[in-house]
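Structure first, then comments.
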Amino acid sequence: MIDLYTAATPNGWKASVTLEELGLHYTLNALDLGNGEQKDPAYMQLNPNGRIPAIVDRDNGDFAVFESGAIMIYLAEMTGKLLPADARGRSEVIQWLMFQMAGVGPMQGQAYVFSHSFPEKLPAVIERYHTETRRLYGVLDTRLSDREYLAGDFSIADIANWCWVRAHDAIDIDLDAFPNLGRWHDHIAKRPGCAKGVLIPDQAHF
Ligand SMILES: N[C@@H](CCC(=O)N[C@@H](CS)C(=O)NCC(=O)O)C(=O)O
């Protein structure tokens, strides 16, 4: 049994969608980010970064995992699904997972913060993060021009990037400019595990 600590944000969905896609049983602990529950000392024993998501594997000596990408790899390896075992296939998936972790997530996240919640309006900063997010969407669009998924079969790389790309409206990016990305986005949205995972928990916080 897995304990999931999360909130309805792109990084949180990466964990809930992966759990749903893998058909794993888990208990949901929804944290109220507005109330700072992610900084609670007891929670920070599980995630020293004071952010969501985190999981605890009750069947593996209460092993705690933080960082959404590490959670996805842990769950995929635990089940032998959504991440190939061979070195090349596995590397391709991890490359596109890291692309999200180091690129799409941070850039799109900052684009949102500086557009919506930062106390000062800094147009050059907003422009920088929007331009960079669009550039990264362009990389995904090109990658998807001759394939259905980012790396071989549907994988945690698709889940990670999709959980962010689906929030494109929140930073006013229109997917019409990225036709391959738009097709991939709509196709993945129809998967039952993905559709259910993004409703957990049910209140969006971005
Ligand atoms: N690199 C981390 C980022 C986690 C992260 O930034 N989580 C956000 C929600 S998407 C959060 O917990 N924000 C609350 C806060 O910053 O206190 C991961 O991928 O798990």
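Ligands are counted one by one from 1 in listed order, and the atoms in each one are counted from 1 as well.
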State the atoms of ligand 1, each with its element, that fall below the 4.0 Å cut-off from a heavy-atom position in [X].
| X | value |
| --- | --- |
| Pro53 | 20 (O) |
| Met101 | 19 (O) |
| Gln38 | 14 (C), 15 (C), 17 (O) |
| Lys39 | 15 (C), 17 (O) |

With a 4.0 Å heavy-atom cut-off (strictly under), which part of Ile52 contacts ligand 1: side chain, backbone, both or neither?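 Contact part for Ile52 vs ligand 1: both backbone and side chain.
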
Heavy-atom count check: over 12 atoms from other residues, nucleotides or ligands less than 6.0 Å from [X] [atom1]?
| X | atom1 | answer |
| --- | --- | --- |
| Lys196 | NZ | no |
| Asp186 | CG | yes |
| Arg143 | CZ | yes |

Heavy-atom proximity to atom 11 (C) of ligand 1, best of Met72, Arg51, Gln100: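 Comparing heavy atoms across Met72, Arg51, Gln100, the nearest one to atom 11 (C) of ligand 1 lies in Arg51.
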
Close approach of Gly109 to ligand 1, heavy atoms, under 4.0 angstrom: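 No, Gly109 has no heavy atoms under 4.0 Å from ligand 1.
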
Return the closest protein heavy atom for [atom] as residue, atom name and distance.
| atom | result |
| --- | --- |
| atom 1 (N) of ligand 1 | Glu67 OE1, 2.8 Å |
| atom 13 (N) of ligand 1 | Leu33 CD1, 4.2 Å |
| atom 3 (C) of ligand 1 | Asn11 ND2, 3.5 Å |

Over 60° means perpendicular and under 30° means parallel, so classify the ring planes of Tyr149 and Phe154, tilted if in between.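 Perpendicular: the ring planes of Phe154 and Tyr149 meet at over 60°.
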
Any N/O of Ser68 closer than 3.5 Å to an N/O of ligand 1?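 N/O-N/O distance under 3.5 Å: yes.
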
May I ask you to check if ligand 1 and Thr9 share an N or O to N or O distance below 3.5 Å?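 Between Thr9 and ligand 1, no N or O pair is found under 3.5 Å apart.
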
Please output the side-chain donor-acceptor pairs of residues 113-123 that fall under 3.5 Å, not counting sequence neighbours, one pair per line with the distance.
from: Ser115; atom 1: OG; to: Ala111; atom 2: O; distance (Å): 2.6
from: His116; atom 1: NE2; to: Ala170; atom 2: O; distance (Å): 2.7
from: Lys121; atom 1: NZ; to: Ser115; atom 2: O; distance (Å): 2.8

Show your reasoning for whether side chain to side chain donor-acceptor pair (under 3.5 Å) applies to Ser91 and Gln95. CA-CA 6 Å; Ser91 173; Gln95 287 170 50; 2.9 Å; yes

Would you give me the side-chain donor-acceptor pairs under 3.5 Å for residues 68-80, sequence neighbours excluded?
from: Ser68; atom 1: OG; to: Lys14; atom 2: NZ; distance (Å): 2.7
from: Tyr74; atom 1: OH; to: Asp57; atom 2: OD2; distance (Å): 2.7
from: Tyr74; atom 1: OH; to: Asn60; atom 2: ND2; distance (Å): 3.0
from: Glu77; atom 1: OE2; to: Arg90; atom 2: NH1; distance (Å): 2.7
from: Glu77; atom 1: OE2; to: Arg90; atom 2: NH2; distance (Å): 3.1
from: Thr79; atom 1: OG1; to: Leu75; atom 2: O; distance (Å): 2.9
from: Thr79; atom 1: OG1; to: Ala76; atom 2: O; distance (Å): 3.2
from: Thr79; atom 1: OG1; to: Lys81; atom 2: N; distance (Å): 3.4

Let me confirm one number: the CG-CG distance from Leu136 to Leu181, rounded to the nearest 0.5 Å.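 Taking CG in Leu136 and CG in Leu181, the distance rounds to 11.0 Å.
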
